[in-house]
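First the structure, in the form of structure tokens, and then the observations on it.
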Amino acid sequence: MGKDCKTVWNNCLTTIRTHVGEQSFKTWFEPINPIRLAHHTLTIQVPSQFFYEWLEEHYVEVLKKAIINELGESGKLEYSIVVDKGNNKQKPISMNLPTAASLRHSPTSTHTQPVGNAVAVVEKIANSTYYMPEAKVIQHPQIRSNLSKLYNFANFIEGDCNRLAYAAAQAVAKNPGSTSFNPLVIHGGVGLGKTHLVQAIGNEIKQSLPQKQVLYVSSDQFITQFVDAVKNNQVAFFTTYYLQVDVLIIDDIQFLAGKEKTQESFFHIFNHLHQSGKQIIMTSDCPPKNLQGLEERLLSRFKWGLTTDVKVPDEATRIEIVKSKAKQEGLEMPKNVIEFVAKNVDTNVRELQGVLVSLMAKSSLTRKTIDLQMAKDTIEDIVKQQPIDLSVEYIQKTVASYLGVKVEDLKAANRKQEIAHARQIAMYLCQQYTKSSVKMIGELFGGKDHSTVTHASKAVEKKAQADDSYKATLEAIKAKMKVSSF
Ligand code: ADP
Ligand code: MG
């Protein structure tokens with residue numbers, strides 16, 4: 001007799017409990033239902049897409065650990081998301097998503113087809129009418145658009161922070177390839193709606209122009225596919241695949257920085273698609289011109305179209321977002337609570353959603369209606385959790401990617417100015433936002449002395465006081481680490 005999913009999940013919970021705080025455990029793990037165990041894959045049901053994203057972002061490592069403990073090295077985790085609670089006539093609709101951890105950990109069999117691999121990752125659906133039945137609209141069966149139906153224009157709130165991006169996105173969705181917004185590049189910090197907007201374009205096109213081949217891919221996926229294609233001598237196949245696309249959406253192009261060979265391939269695909277009047281849409285976490293490590297000839301291509309940004313929403317827009325999300329989740333929230341949340345969570349929309357989901361979980365657990373006190377406590381809990389999630393490694397990665405240097409350089413003895421600059425900032429942030437001692441931080445920067453760390457921190461503070469643009473860089477990096485206003 002094999003183990004059943006409840007036992008396995010209960011054992012997982014025991015492991016998880018030792019790794020996360022009481023409040024986080026209650027909020028994020030108690031609402032989960034184990035629903036199936038088959039072929040070393042445990043399927044757990046989570047209340048919403050956001051809940052899933054939050055778990056993946058904050059708890060993927062501990063989940064992985066728990067699963068491996070229970071199911072061994074081949075253990076996998078899959079999420080089932082209830083996207084429509086259903087009524088008496090209809091069964092609830094759910095969709096299944098694999099965890100990033102299990103994918104990283106044990107490559108799926110699709111790896112033998114380098115091109116199809118990452119594209120198929122999200123569209124693993126069970127009993128769902130939620131995704132369009134793709135087969136009907138697709139002539140080239142190998143293209144799967146990789147879009148999530150959760151992102152559309154109707155559930156995107158427009159505000160001063162995103163007006164131009166929103167308008168451009170809508171224009172492109174109506175006339176892909178034939179507006180002057182080609183390519184369309186949307187940039188901005190995390191959680192500000194870039195992925196949502198570009199996926200909304202894709203979904204809209206698929207609906208109104210079903211003959212168009214739409215492909216959404218993160219640049220991470222693009223890189224992996226390219227590297228696999230090179231390894232397997234299938235670069236031509238890889239390229240041909242992309243050349244069939246009418247609308248290419250490539251998310252988070254900052255990850256292409258420093259990947260010269262991949263950029264070269266992208267440049268080729270880009271030119272070819274653009275020349276044939278195909279639409280290209282990209283996002284980036286900073287203005288393209290600041291993307292160090294991206295080739296000039298590629299950057300100059302972006303000027304052909306429109307580059308625009310999304311900013312942190314102002315309070316009025318945040319109120320609208322909270323209202324809309326609460327309505328979407330069927331959440332009763334008094335006006336004063338809506339305003340309180342919108343006023344106090346001013347980092348980004350993702351965080352705002354985090355607070356709402358957390359409130360929802362809390363109110364259903366305690367069977368209390370949401371009130372101001374509950375909102376205050378929740379925000380405080382989430383705020384308190386922030387620094388705990390930061391590791392030296394995470395900060396090094398964030399700083400390196402933002403400033404366009406390599407993590408190895410931060411750890412090396414390289415004294416080149418831009419690297420020394422990045423290293424100082426990274427050391428400073430590690431001292432501010434981790435619990436590691438200066439000695440430990442020094443160790444993790446390739447065995448540097450603790451006095452180097454102390455010195456770096458002081459230097460950064462001094463420079464930030466004296467130089468506004470330096471300070472702005474620092475703030476931007478902090479925002480990227482999501483600690484800006486806390
Ligand atoms: P980014 O790609 O910029 O990091 P996302 O598009 O992933 O951000 O947005 C984070 C979350 O916030 C998503 O769930 C998205 O649906 C939501 N979101 C962001 N901006 C808005 C908005 N203006 N209206 C409604 N939802 C939004
Ligand atoms: Mg995104």
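Remember, it's 1-based here, ligands and their atoms both numbered in the order they're listed.
Atoms of ligand 1 lying under 4.0 Å from any heavy atom of Leu192, numbered from 1 in the order shown and given with element: 1 (P), 3 (O), 8 (O), 19 (C), 20 (N). Heavy-atom contacts of Val190 reach the following atoms of ligand 1: 4 (O) (cutoff under 4.0 Å). Each of the atoms 1 (P), 3 (O), 5 (P), 6 (O), 8 (O), 9 (O), 19 (C), 20 (N) of ligand 1 lies under 4.0 Å from some heavy atom of Gly193.
Residue contacts with ligand 1 do not include Tyr166, since none of its heavy atoms lies under 4.0 Å from the ligand. Contact analysis leaves Gly188 out of contact with ligand 1, as no non-hydrogen atom separation drops below 4.0 angstrom. For the ligand labelled ligand 1, residue Ser324 lies outside the 4.0 Å heavy-atom shell.
Between Lys406 and Glu408, no side-chain nitrogen of the basic residue sits less than 4.0 Å from a carboxylate oxygen of the acidic one, so the salt-bridge criterion is not met.
Residue-to-ligand polar distances keep Phe156 apart from ligand 1: every N/O pair is separated by 3.5 Å or more.
In the candidate list Leu150, Asn155, Val349, Asn155 is nearest to atom 25 (C) of ligand 1, counting heavy atoms. Nearest to atom 11 (C) of ligand 1 by heavy-atom distance, out of Arg318, Gln353, Lys325, is Gln353.
The proximity of Asn162 to ligand 1, defined as any non-hydrogen pair under 4.0 Å, is limited to the side chain.
For Tyr151 and Phe156, the ring centers sit 6.0 Å or farther from each other.
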